[in-house]
Structures are given as structure tokens and as C-alpha cells.
Amino acid sequence: MKRKEFLNRLIGEVSNFLLEGNPLRMVISLHQEEDGAHLSFFDDRKRSEEDLKRIREALNPKHTRPELAEYYGMMAGHDTSWDARLKLIGWQIKHATVRNSDSGVQIDLWLGSDAFNPDQFTIEKDS
Amino acid sequence: MVEKSERIRYVSLAIILVLTALAGILSDGPATSFGDFLTIQSSGARLIQDFTAIGIGGAMVNAALVGLLGLGVVYFSSVTLAGPTIAGIFTILGFGFFGKTPLNCIPIMAGVWASARFAGKTMGSYSLIALFGTALGPLVTYIMFEIGLPLPFSIPLGILGGFVAGAILPAVAGSMLQLHQGYNLYNIGFTCGFLGLFASSALRAADSMEDISIVWNTTSHGTLVFLIPAISAALCFLGAVSPPVGAKRLYLDIRKLQTLSGRLPTDYFDAVDSGAPWFNMGLLGFCSALFIAVVGAPFNGPVLGGILTVIGFGAFGKSLRNCWPVVLGVCLAVVVFGKDITSPGPILAVLFVTTLAPIAGEFGILAGVAAGFIHLFMVESTAAWHGGLDLYNNGFAGGLTATLVIAILHWYRTNRTKEDFKS
């Protein structure tokens, strides 16, 4: 899949999710590397611990699901009229961290090819 | 490495499939069952060809072998045996009673595999498309045995036709999904119907397309009547013991499943940690069989196929709560249009309309009833469009219905002025 299309999907779905909270500020930051990328999303709406846990679980599924990622993952970010479904992108990324920053929620997504090396990125294992 | 819970699922499904075959063999005897099984491979497979009219034993052996083929695809694709794959296996088991055979499924699966190789994906990524894509099996059988070419030419041509159809499926399936946004559970049925339009048109252009005919067994053989309650009871038992979480927890988890909309992809085995999805499947099986018994429809191949599909999707989007409104919609349409509910079209629509269950689950009872109502008169027309080549005709009609309903709701949601920016 083209990198542009993949990033569009992820940005669309997470933006959809954050916009459901009606934020006054939202920032998306992309850092591309040779075999991977890091996407950061920030808004100005802090979430409860329970919400953060729910988001974390959706973005970090217990099992890899290639049959769902490849086929149903195509719906991610396509139509933002409906409720966001973070699970659709959880199956397609390498890792995600979710936390409250100073002003609101911060979601970081790490994605890449099968050759993706997480050691080259600053992934926080406990978040 | 397969986890323990998944091993239990594999063993359970394998036992169900083997017992189905054994029940058929015991019913008709080994020689008759094997002979009928061979006859089924070269019989017409387009809608609606009830294999139980050829022989109960042969049909049950055929269905079980198609199911085992699906289970093998899941295992060797190294994907999780959970909601979507279990739905796929029960669906192809069901359609093994009216249209699918190992012979007509394998070329399509090979085509999907080739497509995965071409795109640099694993077979696991396209495994669901390989399972459900066998809906185009009749295309293979039709080219092989019904267009009148000598077998040395028609058999390779049939294999090629299935292979090409399978290779195209992954490219089209994703686009079709965007149309209804996951509110039609049988998306590959929608896709195959779309491809079937082209295939049947090509055959018509070559003057090789026969009109569709219906072979419908009107007798209910004891083995077939017994099959669904037996499978449903086994699934409920499995739900209670796998894993043993206690009655209260099981009850709460079953209730939780009823609250989910069922929109694609909702894997019930992901939603709860108990055996509630198995129990949900069993409940849907019992209710479906009860409905068929009450209205007095026969327990024949297509009806069993419909019930087994409902059971399968009891792990992947269907529940009693989101199914009954769409079923009610079909029943209302049957009354309004003065149809006989036990005749082939309406009774299959009652079972397969549950493809639209997520509409009721997400937008409520009225939307579900309306979708079910529309579905009946759509499904009665669509089989002729693709010449019966798409076994999931209800998935095709359901996709059209869901696309209409979702387009209207989408327009309504995006044009509410109260949510505009102030000017």
C-alpha cells in the first residue's frame, strides 16, 4: 500500500476520534524515517484514566489480526460521519502510546514495514 | 503457535464437521453417500440447487468437506480462529448443502492466494476473502459442466474462470465495503454479486447462459431436522464450559454481546473473555430452527445453509437483539406483498436478511424493520441479474439495501445545520 494512503487512513480515523471530543485545538505531527514513521496527535481535552485505558487497548490489540487489518482496515479514515473506531487502526500499526499531556490527550502511533526496528524510535514501553 | 483456547476451537469445529459427515454416511450408507457426493461435484450449483435432493448423505459429506477445506485454509494461513473465521467456516459449511463443492471452491481460493502473492501480502491477509469468495463457486461448475463444451476444454476453462474471479476479488471487496461502511455483514456476497453481473453478462454475450432454475427439496429428512438443534446444543455447551466462568458471568457477557451494534468488523471473541459467543451462536441456531418449524418450512439444504450462516455470524456481528427487527421487516413485506413465507425466496430472505442486523443494532428497530422490508423485494430480483452465479444473493441485495440506507443517513447527518460553524 502506498505510504500516503496509509497515513491518510490513520490520520483520518484518529482525527475523527479526537474531533468527536470537540477540541478547540488539535495538532498532528508526522516524522518519517526509512522503514517507519511516528505520528503524534495532541488536543486540548484531557481524558480520564478509564478513557485512556480504553483508547490504549483499542490501539494495542492483544493479537495481530492480518485478516482484519488488510481487509476491514480499509474502512479506517474513509468516512468520518460515523463514530471513530480506533481498533481499525490498532491492527495496522506497530505500537501506540496514549497519555494526558499538559493540555490534553497525546496519542503517538508507530508504524512501519516488517523491517521496522522499534529501537530506532523513542517508544515508551510502559505507556 | 496456537493458544489453548484456539486449540479448543479447532478441535470443536473439527468434531462438528466430522460428525456432520458421519451423520450423513450413517443416514444413507457409505456407498450411496460417496456416489451422491461424486454426483454433486458435477451437478449444477447456481441458485437454487438443493444438494439434499440428490442425497442426504452425499450433501452432508460434501458440506463437511467444504467446511474442513475452510478450516484448513484458516490453519495454514496462520490467522486467528475467532469470530470472522468461524463465521466463514459455518457459512461455507452451510453452502455446502446448496452450491459449494470442494471442486468449485479450490480454484477461487487459489486465485485469492495468487492475488496475495502478487500484492506482496500473506495469505492470512486475504484469508477471509478466500473463505467467503467461494460464493462464486457456481461459476466454476457452470463453465465446467453446463456450457456444453467438451470436458477436456471446459474443465480447464472452469478452473481458469474461478482462478481469475478469485484473483480479482481482493481488489473489489475493499471498495464495496466503503459503499455500505460495514453495515452489510456479507460484504463478499455483495462483491461476488457485482462480479457476477459481469460474468453472467459475458456468458449471455456468448449465448451460453441458461435461465436459473430451482431444485428445492420439500421433505424434511429426520437427520436434517436433527442437525441444527444438535449443533446448537453443542455450541451452548461449549459456551458454558470453554472457559468455565460461571453462569452469572456468562449471562452478563451474553447480555453485553446483545448491546453491540454488530457493524463490521465486530469479533465477539474479542469483545468478551468467556464462551458467550458460542452460546450466542447456539441461541441463534435454536431460534432460527424454531422459526422454520413454526412456519412449516422444510429443513432442506438451502434452509440449513441459511441457519448455519446465521449461527456462524453469531460470533461476528449477529445477536438476537439486532436480528429480530430485520427479520420482522421481511415478515411484514411477505404479508404486504401476499407471498408464501415457506416458498424458497421468502424463507431464505428471512434467514439471510440478518446480513443487515448492524443497521438495527446501530440505528434502532425502525431502521432495521425498514431495511428488512426493502430487502425482500430486492432479493427477489437480484438473483436473475447475476444468473444465480453468486450464492450469497442475499449478501448482494443486502449490500444494495445497506448502501441506500447508509447514503440517506449519511446525507442527513452531514446536513444538520445546527452543527455548522456560525457565519
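Below, chain A is the first sequence line, B the second, and so on; all start at residue 1.
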Are any side-chain N or O atoms of Asp43(A) and backbone N or O atoms of Val105(A), one a donor and one an acceptor, separated by less than 3.5 Å?
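Yes; at least one donor-acceptor contact below 3.5 Å.
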Between Ile129(B), Thr122(B), Leu177(B), which shows the greatest number of heavy-atom pairs under 4.5 Å with chain A?
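It is Leu177(B).
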Return the option, out of Pro265(B), Gly174(B), Ser127(B), Gly182(B), with the maximum number of heavy-atom pairs under 4.5 Å with chain A.
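Counting heavy-atom pairs under 4.5 Å, the top option is Pro265(B).
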Of Phe313(B), Phe396(B), Phe132(B), which is the lone residue that meets ring pair (Phe, Tyr, Trp, His ring centres under 6.0 Å) with Tyr186(B)?
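So, applying the ring pair (Phe, Tyr, Trp, His ring centres under 6.0 Å) to Tyr186(B) and each of Phe313(B), Phe396(B), Phe132(B), only Phe313(B) qualifies.
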Is there any residue in residues 82-91 of chain B with a non-hydrogen atom under 4.5 Å from a non-hydrogen atom of chain A, and which ones are they?
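Listed by number: Ala82(B), Pro84(B).
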Looking at [X] and [Y], does any basic side-chain N land under 4.0 Å from a carboxylate oxygen?
X: Asp51(A); Y: Lys46(A); value: no
X: Arg65(A); Y: Asp267(B); value: yes
X: Lys53(A); Y: Glu49(A); value: no
X: Glu13(A); Y: Arg85(A); value: no

Name the region of Leu131(B), side chain, backbone, both or neither, that has any atom closer than 4.5 Å to a heavy atom of chain A.
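For Leu131(B), no heavy atom lies under 4.5 Å from chain A.
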Test ring pair (Phe, Tyr, Trp, His ring centres under 6.0 Å) applied to Phe42(A) - qualifying residues, sequence neighbours left out:
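Checked Phe42(A) against ring pair (Phe, Tyr, Trp, His ring centres under 6.0 Å); zero matches.
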